[in-house]
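In what follows, a single structure is set out as structure tokens and then discussed.
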Amino acid sequence: MSVSKAPARKVILTGDRPTGPLHLGHYVGSLKNRVAHQHEYQQTILVADAQALTDNTDDRGKVHRNVSEVALDYLAVGIDPDVTTICVQTWLPELTELTFYYLNLVTVARLERNPTVKEEIRLRNFERDIPAGFLTYPVSQAADITAFRANLVPVGDDQLPMIEQTNEIVRRLNRLADREILVEAHALVPPIGRLPGIDGRAKMSKSLGNAINLCATPDEIRAAVKKCYTDPLHLRVDDPGHLEGNVAFAYLDAFDEDRAGLQEMKDHYVRGGLADSKVKARLEERLQELLRPMRERREQYAANPDFVWDMLRAGTERARETVAKTLDDVRSVFVTPGWGGR
Ligand code: TRP
């Protein structure tokens, strides 16, 4: 084995809960950046099935089915498993052991203050019956991030509290150990913000039913574009149209590379005299062009499930080398001396 003399590349860790197909919102917010980052950084993607179980304990089948589906979405958008490590969280019990130690470094009150978890508890109507695993998933996420010694964690703003929580654990552990065992992580906030749902709500989301999936068929794409929220005041073609809150234009902003042509279309729309159907025809064309190659690549890989599972097993073994080292370091702080190790 040769030891590389080149300066180590920064380490990125990202992940998704495998609870359903990934959609255009994921593409804009994270997948596209992962494809761009994979050669520049040492990137690992964690299929966070253990985290998904914290609020899907009774629906494990859904989580298990979606592990390979999410992996197919990664391959479809162009993530290259030879350069990006793709691994499965429940196959790395090292992460579970780290979580158990880290739980001693946080308080229940601190966990209850996490604004993202608070909002999720409200949405799931957990109220007084919060599963302990759910309340503490930010600690498990801290285990994920620190186990890989990630410097950078690409996140939407809803995940910023997780990074904060992680770094509190890092500092607490390093103080206990009196040396720098873990490294602090920094959030990498994506350049393009959130994509609205086709219904005009602020966020595209599977649970809100307003998403366009990356694996959508041409007919599904057509139907979704037809339903896209535009400008309720644009009743007749001649009426001046509005761009604010207009989902068709928000999507064109995200996916249309012909910026001059798009600007012309916007000017015409605002002046009046341009039908919504013209805007939607352009949008449909762009989305069909974007999603066709993804769908085709997905189908090729889906025809070869062994490839996908082999890739996940190999990625997980590669990941284990890294996380096992971190676990050894953390164990040195907590394990009763005398054990020979494993
Ligand atoms: N919480 C993330 C989500 O809901 C998924 C996730 C789990 C994750 N572990 C992670 C993201 C580690 C970044 C780093 O999408």
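Note that these values count all heavy atoms, side chains included, but never hydrogens, waters or copies made by symmetry. We count ligands from 1, going down the list as the structure has it; atoms in each ligand are counted the same way. Everything numeric in this text was worked out from a predicted model, so none of it was measured.
Salt bridge present: E119 and R122 bring a charged side-chain N and a carboxylate O closer than 4.0 Å. Under 4.0 Å is where a charged nitrogen must lie from a carboxylate oxygen, and between D329 and R179 no such pair does.
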Which N/O atoms of ligand 1 sit under 3.5 Å from a protein N/O, and at what distances?
residue	atom	partner	partner atom	Å
ligand 1	1 (N)	Q51	OE1	2.8
ligand 1	1 (N)	Q141	OE1	2.9
ligand 1	1 (N)	Q159	OE1	3.1
ligand 1	4 (O)	R17	NE	3.3
ligand 1	9 (N)	D144	OD2	2.8

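Note that the CZ atom of R149 and the CG atom of L182 stand 6.5 Å from one another [nearest 0.5 Å].
Residue pairs satisfying the salt bridge (Lys or Arg N to Asp or Glu O under 4.0 Å) criterion with at least one member in residues 33-48, sequence neighbours excluded, are listed as follows: D16-R34. Legend: salt bridge (Lys or Arg N to Asp or Glu O under 4.0 Å) pairs involving residues 18-27, not counting sequence neighbours: none detected.
Remark: Y229 pairs with no residue by the ring pair (Phe, Tyr, Trp, His ring centres under 6.0 Å) rule, at least two apart or across chains.
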